[in-house]
Every structure is written in C-alpha cells, then in structure tokens.
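Step one of this worksheet: look at the structure below.
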Amino acid sequence: MTYSSKPLIKIEALSYAYPRRGSVLNNIDFALHDGERVVINGDNGVGKTTLLHLIVGLKKAKKGDITGFGELCKTEKQFNKLRAKAGLLFQDPDDQLFCPTVLEDVMFGPLNLGFTKQQAIEKSLETLNTLGMQGFESRITHQLSGGEKRMITLASVLVMEPEVLILDEPTNALDEKAKMRLLNVLQTLPQAMIIISHDKLFSNQLATRQLTLSDGLLTEQPIPSIAVA
C-alpha cells in the first residue's frame, strides 16, 4: 500500500531488551498513517505493551528512532509534544483514573493545558455526551463497572483532541455488551489508532491493518473476513 502523506508516527530500526528477559524488539520498522487502525497481535510477553510505551516515551529505546508528527523524538520535551497528540489508553483503567469523580478525571487534562475551570467543565461534559456517558459526571470513579471505567478513560483521552489513539487491550475485563458499545464508539472516531487486542472478533471488526509481533519482529497479516449472520 502506498501513501501520499507523511506518517503520523514512524519507527525505524527500533530495538529493546530487558536485563533478564533479553531482547523483545529487534530492529522494528513501523509507520502509522492518517485514517489507519492498526491492530498488533502476539502472545503474552512478546513486547506489545513495551512497544506502545516506547512510542510515547514511557520507556527509552536502546536503539532506533521514533518520529512523531514529523519530529524526531529523543528528549522528554519532544516526547511530551508527541503525547499531546497521541493519547494512550492503558490496559487497566484503574491505572488511568485517579480523581474522586468522573468529571474531575476528564477535566484533568484540559486544566493542565491551561483551560479555565469553566472551559474544562464544558469540554468534558461535551466529550462525555459524545460517548453516551451523560449523567456520569458526579459519579464516584472507583465505584463504576469495568465497562463504565473504560468509557471514562476514553473520555479522558478524547477530551485532549488527540490525532492518534493508542489502545492497550481496550476490551480487557469487559462483558459482551460493553465490548460492543466500545467497538461502536471506536468505529465512529476519526483518529488513527494503534491497538493491542487478544479479542480477535473485536479487532477484526476494527482493524484496517493487522500485524503480529513474534520473536522481536513485526510482520503484516491479512485481516480475516467476518461472516455476517
């Protein structure tokens, strides 16, 4: 496939090794373009989450280059600029939600960007409404169900208006109803996405490209056709 525009995120010759586990990524090349939803498959422990954390600068690459939105990222300041445009959804919502109420959690990002309190409230309520979570703003975050927490973490990312969504096992611990709701929301969003998911039915319905990470290497895979009942 050929693209006329520059990639949003580009990885070149990226390698990473843990002291005791050894190498998990070996000279990886990857590019994410506008409009793509790329699913990365692979067994547990092969380095999928490590790859996501390297992309946003939560881990530092031992070798290779990461370019985000046209800028080579080496310093924390450069990765901060990348993270402002690439929102990461953690595998466990409890790692992302830390305020007493839903509204406070969703407002946290806009307030850090310099929005006034009123502007942050309005933007957060608008985002919650978009996700069908109106009426949740005063709810106690830690009392929510797994599916509700996932939607609130998504709201806390989308309120920042990122150009890219990076999703680590977004269906983790969700029941079928919550999975379908999340799938329907993600299918309507305009952002390019990088997604890790073990849920093949979910990822097959979402992906425009699928890759497999195995033995430190990324390989392209065909997207299976989905039978329609």
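Every value quoted in this text rests on a predicted model; they were computed, and no experiment measured them.
Remark: T49 engages D168 in a side chain to side chain donor-acceptor pair (under 3.5 Å) (not counting sequence neighbours). Every residue two or more places apart in sequence or in another chain that forms a side chain to side chain donor-acceptor pair (under 3.5 Å) with T50 is listed here: Y18. The side chain to side chain donor-acceptor pair (under 3.5 Å) test applied to K60 returns E76, not counting sequence neighbours. Residues passing the salt bridge (Lys or Arg N to Asp or Glu O under 4.0 Å) test with K63: none are found, sequence neighbours excluded. Contacts of T116 classified as side chain to side chain contact (heavy atoms under 4.5 Å, CB included), with partners at least two apart in sequence or in another chain: Q118, Q119. For T67, the side chain to side chain contact (heavy atoms under 4.5 Å, CB included) criterion is met by K10, L72, not counting sequence neighbours. Applying the side chain to side chain donor-acceptor pair (under 3.5 Å) test to Q78 and every residue at least two apart in sequence or in another chain returns T75. Applying the salt bridge (Lys or Arg N to Asp or Glu O under 4.0 Å) rule to E161 yields the partners K123; only residues at least two apart in sequence or on another chain are considered. In this view, F108 and F98 satisfy the ring pair (Phe, Tyr, Trp, His ring centres under 6.0 Å) rule, not counting sequence neighbours.
Using a 4.5 Å cut-off between side-chain heavy atoms of Ile, Leu, Val, Met, Phe, Trp and Tyr, L217 forms no hydrophobic cluster with any other residue. Its side chain within the 4.5 Å cluster rule, I121 clusters with L103, M107, L111, L125 among the Ile, Leu, Val, Met, Phe, Trp and Tyr residues.
Within the structure, side chain to side chain donor-acceptor pair (under 3.5 Å) pairs that include any residue of residues 127-136 do not occur (at least two apart or interchain).
Side-chain contact between L213 and I28 is present, with heavy atoms from C-beta onward closer than 4.5 Å. Looking at heavy atoms from C-beta onward, F202 lies in side-chain contact with L182 at the 4.5 angstrom threshold. In this structure, V102 and L144 have side chains that are in contact, with non-hydrogen atoms separated by less than 4.5 Å.
Separating the CE atom in M193 from the CG atom in L167 is a distance of 6.5 Å, to the nearest 0.5 Å.
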